There are 2 protein chains.
Amino acid sequence: MTTAPDPGPHRWLSDEEQRVWRAYLHATTLLDDHLDRQLQRDAGMPHIYYGLLVLLAEAPGTRLRMTELAKRSKITRSRLSHAVSRLEKNGWVRREDCPSDRRGQLAVLTAEGAEVLRETAPGHVDAVRQALFDRLTARQQKALGEIMTIVAEGLQPDEEGADLPWLR
Amino acid sequence: MTTAPDPGPHRWLSDEEQRVWRAYLHATTLLDDHLDRQLQRDAGMPHIYYGLLVLLAEAPGTRLRMTELAKRSKITRSRLSHAVSRLEKNGWVRREDCPSDRRGQLAVLTAEGAEVLRETAPGHVDAVRQALFDRLTARQQKALGEIMTIVAEGLQPDEEGADLPWLR
DNA sequence: CCCCAATTGTTCAATGTTCAAGTAGATGCC
DNA sequence: GGCATCTACTTGAACATTGAACAATTGGGG
């Protein structure tokens, strides 16, 4: 039940919706910080940077165009550019010119980058499991997946050809 | 002696778990960015700062000790200190000495701060509704609340201050 | 061809965040 | 009281992020 029966000029959140929203904010803030610290300590990089290495590792040839990597990781090209520069300084990624488009750059996972991933992935998976999956029932895990898929799709600017093996 | 497909000593995420985890990362990243932009545009501050004003507005006397505000907003005291300095520069919050503990500081919502909140809250609620609640069934909203409460509680360092009489 | 709009990736300046001190006041114990 | 220790908050420097502006390149009509 919201407020008065009057449609009013504005529709607020009900008490229950507020509780849900606040729980969401708390949980996501805490989990994000938690994983950031875990990875900063164990892998020397923030969570988002780690995610970039994972995406590169999965890609054919362990390389992706900058824009494609930005799309998959849901960050801006600007942020990605900074991130890749930092990862490059660490020796975990290198840049290559794109052969088919002279504007393009490829981010390529280096052997060292793959090694870091190999070393730190188990600890990270443990952290995710411990903070999330181990605490939820199978039913809740399923629900979470459905909910998050809906939300992500609603906010996706316009995802075309998202999953095609885009590589040249 | 184990054989080739041995998963080893470590328990990875199943395919389904990976899907859920990725959906979670995508949705939370997109939603957080979305709301940050919405509030930066309409209220001139990031989402977290807005949340601080909300917490102050709800508190008795529209004021809270720094540490208490940090706990409720789930951010570090250091980050809070910087944030309050910025909000103070905007004239939306002011600091006061705590009468009962001379180490303490109170963050107090100013009239201007309350005004900003009044002006921007409807738009923010709309954004949250549109991105989240309007897309979920009642059942999903309930599940989301339960799941997020579990996750938050699992990561809470140790919440003993939740015993306030007027807590809602 | 030639223009012009769109795309790619980077850069700069302003802003926000983190982590490791640092200061000052409270607390407890003899 | 005197001393160690804990708590509250701030600070500064290093690092990360944002958004706008930019140069280079592409591609689609006339």
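Here the structure is a predicted model, which means the values were calculated and not measured.
With hydrophobic clusters built from ILVMFWY side chains whose heavy atoms lie under 4.5 angstrom apart, B/Leu69 does not share a cluster with B/Leu106.
Annotation: of the two residues near DNA chain D, A/Ile75 and B/Ser85, the 5′-most nearest-nucleotide partner is B/Ser85. Of the two residues contacting DNA chain D, namely A/Gln40 and B/Arg95, the nearest-nucleotide position lying further toward the 5' end is that of B/Arg95.
Look at A/Arg79 and you'll find a side-chain N or O under 4.0 angstrom from OP1 or OP2 of D/dT18. The shortest distance between the side-chain N/O atoms of B/Arg37 and the OP1/OP2 oxygens of D/dG19 is below 4.0 Å.
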*List the steps, then state whether side-chain contact (heavy atoms from CB on, under 4.5 Å) holds for A/Arg77 with A/Thr67.*
CA-CA 6 Å; A/Arg77 289 198 312 274; A/Thr67 295; 3.4 Å; yes
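No donor-acceptor pair under 3.5 Å is formed between the side chain of B/Arg103 and the backbone N or O of B/Asp101. Judged by distance alone, the side chain of A/Arg129 and the main-chain N or O of B/Trp12 form a donor-acceptor pair under 3.5 Å.
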Indicate every side-chain donor-acceptor pair of residues 108-115 of chain A with a distance under 3.5 Å to a residue at least two apart or in another chain.
| from | atom 1 | to | atom 2 | distance (Å) |
| --- | --- | --- | --- | --- |
| A/Thr110 | OG1 | A/Gly91 | O | 2.6 |
| A/Thr110 | OG1 | A/Trp92 | O | 3.1 |
| A/Thr110 | OG1 | A/Glu112 | N | 3.4 |
| A/Thr110 | OG1 | A/Glu112 | OE1 | 3.4 |
| A/Thr110 | OG1 | A/Gly113 | N | 3.0 |
| A/Glu115 | OE1 | A/Arg118 | NH1 | 2.4 |

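Here D/dA14 presents its P atom at 14 Å from NE2 of B/His82, a figure rounded to the nearest Å. What separates CG of A/Asp97 from P of D/dA24 is a distance of 15 Å, to the nearest Å. Between B/Leu64 atom CG and D/dC9 atom C1' there is a gap of 15 Å when expressed in whole angstrom units. B/Leu80 has its CG atom 14 Å from the C1' atom of D/dT11, to the nearest Å. Separating the CE atom of B/Met66 from the C1' atom of D/dT7 is a distance of 15 Å, rounded to the nearest angstrom. Atom-to-atom, CG of B/Leu35 to C1' of D/dT17 comes out at 17 Å; the value is rounded to the nearest Å. Rounded to an integer number of Å, the gap from A/Arg102 CZ to D/dA23 P is 19 Å.
Listed nucleotides: D/dA16, D/dC9, D/dA24. Nearest to the side chain of A/Arg103: D/dA24. With D/dT10, D/dA13, D/dT26 as the candidates, the nucleotide lying closest to the side chain of B/Arg77 is D/dT10.
Atom CZ of B/Arg86 and atom OG of B/Ser81 lie 14.5 Å apart (nearest 0.5 Å). The NE2 atom of A/His26 sits 11.5 Å away from atom CD of B/Glu153, with the distance rounded to the nearest 0.5 Å.
Remark: of the listed residues A/Gln38, A/Gln40, A/His124, A/His124 is the sole one forming a side chain to side chain contact (heavy atoms under 4.5 Å, CB included) with A/His47.
Two residues are said to be in side-chain contact when any heavy atoms from C-beta on lie closer than 4.5 Å; A/Leu52 and A/Leu80 meet this criterion. Counting heavy atoms from C-beta on, the side chains of A/Val151 and B/His34 never come closer than 4.5 Å.
As judged by a 4.0 angstrom heavy-atom cut-off over every strand, A/Asp101 is placed among residues touching the sugar-phosphate backbone only.
For the segment residues 41-50 of chain B, the set of residues with a heavy atom within less than 4.0 Å of an atom of DNA chain C comprises B/Pro46, B/Tyr49, in numerical order.
The nucleotide range of DNA chain C contacted by chain A, defined by atoms under 4.0 angstrom from heavy atoms of the protein and reported 5' to 3', is C/dT7 to C/dC19.
For B/Ser78 against D/dT11, a side-chain N or O and a base N or O form a donor-acceptor pair under 3.5 Å.
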